Amino acid sequence: MSKIRMTTPLVEMDGDEMTRILWQYIKEELLVPFVDLKTEYYDLGLACRNETDDRVTVDSALATMKYGVAVKCATITPNAARMTEYNLKEMWKSPNGTIRAMLDGTVFRAPIVVKGIEPCVKNWKLPITLARHAYGDVYKNTEIKVPCEGTAELVFRAKDGTVISETIHEFDGPGIIQGIHNTVKSIESFARACFNYALDTKQDIWFATKDTISKKYDHTFKDIMQEIFDAEYKARFDEAGIEYFYTLIDDAVARVMKSKGGFIWACKNYDGDVMSDMVSSAFGSLAMMTSVLVSPSGVYEYEAAHGTVQRHYYKHLAGEETSTNSVATIFAWTGALRKRGELDKLPELQDFADKLERATLATIESGRMTKDLALITTLEKVTVLNSLAFIQAIRSELEAML
C-alpha cells in the first residue's frame, strides 16, 4: 500500500521521559508505515531547552504560527529537584505556558470515551469539555520571598506618569508574595473562542470563577464574557438552541457532579488545569483526555493533557517492563493529522486519523489494554499489555481497517 501523502509539515514538538519513549513508538508503529510524514521537528526535552536557553520553545511556537498545526509531547516543567537532576542553568518556565502566551489561545480538553471504562460519577453520560484560558495567572507570575518585616505594595506606573498603588500586606516577619496578571485582549480572545466552539459543537457553555472574592481580577473576566456574549453571540445561541450562563466556581463544581455531561465548562487558566484533571480522572484515566490549543488566528496545537509519566520512565531506564497508556498521545497525533488534512484538503489523511482513533478504541474494547485501564474496566476478559505491545495491538487493528 502506498503511503498517504502530506503537503504541508506539522510542527512536531518532542518531549520528556516516558512520553518521549511512547512518542517514538507511535511514530515507528502507527504513523511512518502508513503516512509520508512531514514534520518540522523541535526538541522540547528539558536538556535541549537548557542548552538553547529555552530558545527552542520560542522557535517551536513561531513555527506553529507559520504552519498552522502542531503536535506536542508532554514536557517537564522544572522544580528544585529537576534543577539538580538536569544541571539546569535556571528553573525554566513551563513550555506550555510560553507557547500558550505566544499563541494567545484557549485550550479545549475532553475525555476519550470508550466502552468498558465507565465514569466514576454514575450520572455522567456524555463527555464534559473543559475550555481553559491559556494565558497569564500563575503560569506567568512573578514571585518574591519576603525575608523580613516590611511593606508589600502593588504598583502600576502608566506611560503618562500616572501611578496606581495598593498596599498588599504589612509583614511583621518573613513571607511570600505572588503577582499575576492578564490582559483584556487575551480575555476577549478566550470569550470568542469559547462561544465559537460552543456553536460549532452545539453545546451549552458554563463559565465559572470567583468574582465575589476577586472583585476586580475575576470580575473582569465575568464582565468581558457577558459583554461579548450579549453583543455578538446571544442571537446565534438562541437560534442554535444552546445556552451560556455564569456561576461561581464552587457552585459549578456542585452542578457538574450532578449533571449528565455534554457541555463545555469554561475556566480561568489554573482552574481549567485542575478541573480538567479532575474530569479526565473521573471519566477513567488522565491518559484518556484530548487537548487542543486554538488561537484566535486559527492556529492549532494538539497535545496529551497529562504529564511525562516520570515513575514509568525510571522503571524503563532500569530495564523493567512498563504498561504506560499512550491513548492521549495517539489522539494528539490524530487530531493534528486530521486538522492538517482538513486545511490542506487531503481527505485520505483525515480518514487515516479517524481510522487510527477507531483502531485504538477497538483495541481497548476487545479487552487488550494497559494496566491503568485494566484496573478500572468493567470488561470481564482483559489482557494487560506492556507499553509497546499495546501500540502494536493497535497497529494490527489499523492494518485490518486500512
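Remember, it's a predicted structure, so these values are computed and weren't measured experimentally. Side chains included, hydrogens not; waters and symmetry mates left out as well; all remaining heavy atoms used.
- Ala70 meets the side chain to side chain contact (heavy atoms under 4.5 Å, CB included) test with Val11, Met13, Thr64, Glu301; sequence neighbours excluded.
- Glu188 has no carboxylate O lying under 4.0 Å from a charged side-chain N of Lys185, or vice versa, which leaves the two without a salt bridge.
- Put simply, the residue from Arg100, Arg132, Lys268 that forms a salt bridge (charged side-chain N to carboxylate O under 4.0 Å, His left out) with Asp273 is Arg132.
- Heavy atoms from other residues, nucleotides or ligands lying under 6.0 Å from CG of Asp200 number more than 12.
- In summary, Asp251 and Arg255 engage in a salt bridge, as defined by a charged side-chain N under 4.0 Å from a carboxylate O.
- Taking the side chain as every heavy atom from C-beta outward, Glu143 and Ile176 never approach each other to under 4.5 Å.
- No side-chain N or O of Tyr246 forms a donor-acceptor pair with one of Gln226 less than 3.5 Å apart.
- Under the 3.5 Å distance criterion, with hydrogens and angles disregarded, no donor-acceptor pair is assigned to the side chains of Asp16 and Thr308.
- For an aromatic pair to be called close, the ring centres must be under 6.0 Å apart, and His181 with Tyr135 satisfies this.
- The environment of CD in Glu166 is sparse: at most 12 heavy-atom neighbours from other residues, nucleotides or ligands sit within 6.0 Å.
- When the options Tyr25, Trp23, Tyr302 are evaluated for a side chain to side chain contact (heavy atoms under 4.5 Å, CB included) with Thr329, the one that passes is Trp23.
- A salt bridge links Lys89 with Asp53; the closest basic N to acidic carboxylate O contact falls under 4.0 Å.
- For Lys27, the NZ atom sits in a packed shell: over 12 heavy atoms of surrounding residues, nucleotides or ligands are nearer than 6.0 Å.
- With sequence neighbours left out, Asp43 forms a side chain to side chain donor-acceptor pair (under 3.5 Å) with Arg20.
- Salt-bridge annotation for Arg358 and Asp354: absent, with no side-chain N of the basic residue lying under 4.0 Å from a carboxylate O of the acidic one.
- With Ile4 as the partner, the side chain to side chain contact (heavy atoms under 4.5 Å, CB included) test is satisfied by one option alone out of Leu31, Leu349, Leu346: Leu349.
- In this structure, Gly307 and Thr19 approach most closely via the heavy-atom pair O-CG2, 3.4 Å.
- With respect to Arg236 and Glu239, no salt bridge is recorded, no charged nitrogen being found less than 4.0 Å from a carboxylate O.
- Ring centers of Phe108 and Tyr197: under 6.0 Å apart, within the cut-off.
- Ion pair Lys38/Asp344 not flagged as a salt bridge, since none of the NZ, NE, NH1 or NH2 atoms sits closer than 4.0 Å to an Asp/Glu carboxylate oxygen.
- Within a 6.0 Å sphere centred on NZ of Lys3, heavy atoms belonging to other residues, nucleotides or ligands number more than 12.
- More than 12 heavy-atom neighbours from other residues, nucleotides or ligands sit within 6.0 angstrom of CD on Gln178.
- With salt bridges taken as basic N to acidic carboxylate O contacts below 4.0 Å, one links Glu399 and Arg395.
- No salt bridge links Lys66 with Glu40; every basic N to acidic carboxylate O contact stays at or beyond 4.0 Å.
- For the pair Glu303/Ile99, no side-chain contact is recorded, criterion being any heavy-atom separation below 4.5 Å from C-beta on.
- Under the 3.5 Å distance criterion, with hydrogens and angles disregarded, no donor-acceptor pair is assigned to the side chains of Ser94 and Asn96.
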